[in-house]
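When reading the values below, keep in mind they use all heavy atoms of this one structure, side chains included, and skip hydrogens, waters and symmetry mates.
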Amino acid sequence: MKNQYETVFIMTPVLSEEQIKETVGKYRNLLVEGGAEIVDENKWGMRKLAYPIQKKTSGYYYLIEFKAEGTLIAKLETAYKRDERLLRFLTVSLDKHAIAYNEKRRNGGLKSQQKAAEKTAEKKEEFIKQEELKIEE
């Protein structure tokens, strides 16, 4: 039976965009070849770390949500441990509540997302008004 998992890994900040894509592709392929079904991927991008890791204060975050057999997790984490490009990683099994929350988040059903979207729309409108005033002057 396939369980649903979520894995987050932090890559070293010195990687180029091409190296980041290669690293993500490596783990994505490992999952797919292992029989996993990718549910969602989310590139969080460069973020400041809470504390230095290997003398680095930032890292490139990436999240993958997938359905797979439990035996695949050991293979995935072994590959993580062997990769020098990764600073940290975490893989968790999702329960029914976490799965429902993630589905809601993906569909934009969370109140915080709605508020953020409304704020963004308001800022865009304000910016457009300011630009129109500049053009009129």
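Using a 4.5 Å heavy-atom threshold, the side chains of M46 and M11 count as separate. A 4.5 Å side-chain heavy-atom check between L76 and K81 finds every atom pair outside the cut-off. Taking 4.5 Å as the limit, some side-chain heavy atom of D40 sits within range of a side-chain heavy atom of R105. Side-chain contact between I10 and L86 is absent, with no heavy-atom pair separated by less than 4.5 Å. Side-chain contact between K55 and P52 is absent, with no heavy-atom pair separated by less than 4.5 Å. Contact of the E69 side chain with the N3 side chain is not registered, since no non-hydrogen atoms from C-beta on lie closer than 4.5 Å. Between E65 and Q4, the closest side-chain pair of non-hydrogen atoms falls below 4.5 Å.
V39 and Y62 are assigned to two separate hydrophobic clusters, defined by single-linkage of ILVMFWY side chains at heavy-atom distances under 4.5 Å. Tracing side-chain contacts under 4.5 Å through hydrophobic residues (I, L, V, M, F, W, Y), one reaches V32 starting from Y5; they form part of the same cluster. Residues I73 and L90 fall into different hydrophobic clusters, defined by Ile, Leu, Val, Met, Phe, Trp and Tyr side chains chained together at heavy-atom separations under 4.5 Å. Side-chain heavy atoms closer than 4.5 Å link hydrophobic residues (I, L, V, M, F, W, Y) into clusters, and following such links, possibly through other members, connects Y27 to L15. V92 is connected to I99 through a chain of hydrophobic side-chain contacts under 4.5 Å among Ile, Leu, Val, Met, Phe, Trp and Tyr, so both are in one cluster.
Without hydrogens or angle criteria, N29 side chain to G25 main chain gives a donor-acceptor distance under 3.5 Å. With hydrogens and angles disregarded, a donor-acceptor distance shorter than 3.5 Å links the side chain of K2 to the backbone of G35. Checked by atom type and distance alone, the side chain of E77 never pairs as donor or acceptor with a backbone atom of A74 at under 3.5 Å.
Ring to ring, F9 and F89 are not that close: their centroids are 6.0 angstrom or more apart.
One distance of note links NZ of K67 with CD1 of I38; it measures 12.0 Å at 0.5 Å rounding. With rounding to the nearest 0.5 angstrom, the OG1 atom of T23 is 10.5 Å from the OH atom of Y60. Considering NZ of K43 and CD1 of I20, their distance stands at 8.5 Å, rounded to 0.5 Å.
With a 6.0 Å radius and a threshold of 12 heavy atoms from other residues, nucleotides or ligands, K26 has its NZ atom above the threshold. When the shell of 6.0 Å around CD of E84 is examined, it contains 12 or fewer heavy atoms from other residues, nucleotides or ligands. Other residues, nucleotides and ligands contribute at most 12 non-hydrogen atoms within 6.0 Å of the NZ atom of K21.
Taking each heavy atom of A79 and L30 in turn, the nearest pair found is CB-CD1, 3.9 Å. Scanning all heavy atoms of the two residues, the minimum distance from L72 to A36 falls at CD2-CB, 3.8 Å. Contact detail for K48 and Y61: the closest heavy-atom pair is O-OH, 4.4 Å. When every heavy atom of L87 is checked against every heavy atom of P13, the shortest pair comes out as CD1-CD, 4.3 Å.
A donor atom on one side chain and an acceptor atom on the other are found under 3.5 Å apart for T7 and Y80. With 3.5 Å as the limit, one finds a donor-acceptor pair spanning the side chains of N102 and E6.
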### Task
Would you please test T12 and R85 for side chain to side chain donor-acceptor pair (under 3.5 Å) and show each step?
CA-CA 6 Å; T12 182; R85 298 174 289 192; over 6 Å; no

